[in-house]
Chemist: 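I'd like to ask you about the structure that follows.
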Amino acid sequence: MTYVYIPRSLEIAQLHYVGVTGDLRGRLKKHNAREVSHTAKYAPWEMKTYVAFADKARAFEFEKYLKSPSDRAFAKKRL
């Protein structure tokens, strides 16, 4: 499975990140260990939402959708 995930910063509650991974637990550990440059200064993180996809290409399409400017509001409100 491939996961699109949205963790939330515990330091800044309104701050979220959108990513794709095949290993949810491992990826969250990397975020919290400050090994991911985009999220390092906002650690620690907790998993807010994730969606599993059997098709990796569909997972990347959904991630791109959630990262687009018009759809970030959707992600914040619905996920």
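These numbers come from the heavy atoms of this one structure, side chains and all, not from hydrogens, waters or symmetry mates.
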Chemist: Please name all residues satisfying salt bridge (Lys or Arg N to Asp or Glu O under 4.0 Å) with Arg27, sequence neighbours left out, ordered by chain then number.
Modeler: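 Listed in chain order: nothing, the list is empty.
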
Chemist: Looking only at heavy atoms, what is the nearest atom pair of Ala43 and Glu11, with distance?
Modeler: O-CG, 3.3 Å

Chemist: Counting heavy atoms not belonging to Tyr42, are there more than 12 under 6.0 Å from its OH?
Modeler: no

Chemist: Linking I/L/V/M/F/W/Y whenever any side-chain heavy atoms sit under 4.5 Å apart, do Ile6 and Leu15 land together?
Modeler: no

Chemist: Sequence neighbours excluded, which residues qualify as side-chain contact (heavy atoms from CB on, under 4.5 Å) partners of Lys56?
Modeler: Thr2, Phe60

Chemist: Under the rule for side-chain contact (heavy atoms from CB on, under 4.5 Å), what residues qualify as partners of Ala40, not counting sequence neighbours?
Modeler: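 Only Arg34 meet the side-chain contact (heavy atoms from CB on, under 4.5 Å) criterion with Ala40.
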
Chemist: Using every non-hydrogen atom in the two residues, find where Pro7 and Leu28 come nearest and quote the distance to one decimal.
Modeler: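 Closest pair (atom of Pro7, atom of Leu28, distance): CB-CD1, 4.5 Å.
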
Chemist: Starting at NE2 of His16, measure out to CH2 of Trp45 and round the result to the nearest 0.5 Å.
Modeler: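 The NE2 atom of His16 sits 8.5 Å away from the CH2 atom of Trp45.
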
Chemist: If the plane angle is over 60° it's perpendicular, under 30° parallel, otherwise tilted; pick one for Phe53 and Phe62.
Modeler: tilted

Chemist: Determine the minimum heavy-atom distance between Ser9 and Ile12, stating which atoms define it.
Modeler: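 Between these two residues, the closest heavy atoms are OG-N, 3.1 Å.
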
Chemist: Among Leu24, Val51, Val20, whose side-chain contact (heavy atoms from CB on, under 4.5 Å) with Tyr3 holds?
Modeler: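 Per the side-chain contact (heavy atoms from CB on, under 4.5 Å) rule, the option paired with Tyr3 is Leu24, out of Leu24, Val51, Val20.
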
Chemist: State which residues pass side-chain contact (heavy atoms from CB on, under 4.5 Å) with Glu61; sequence neighbours excluded, sorted by chain then number.
Modeler: Arg58

Chemist: Restricting to salt bridge (Lys or Arg N to Asp or Glu O under 4.0 Å), what partner residues turn up for Glu46, sequence neighbours left out?
Modeler: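 Glu46 satisfies salt bridge (Lys or Arg N to Asp or Glu O under 4.0 Å) with Arg8 only.
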
Chemist: With sequence neighbours left out, write down each residue that passes ring-ring contact (aromatic ring centres under 6.0 Å, His included) with Tyr5, or none if nothing qualifies.
Modeler: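 Counting only residues at least two positions away or on another chain, Tyr5 forms a ring-ring contact (aromatic ring centres under 6.0 Å, His included) with His31.
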
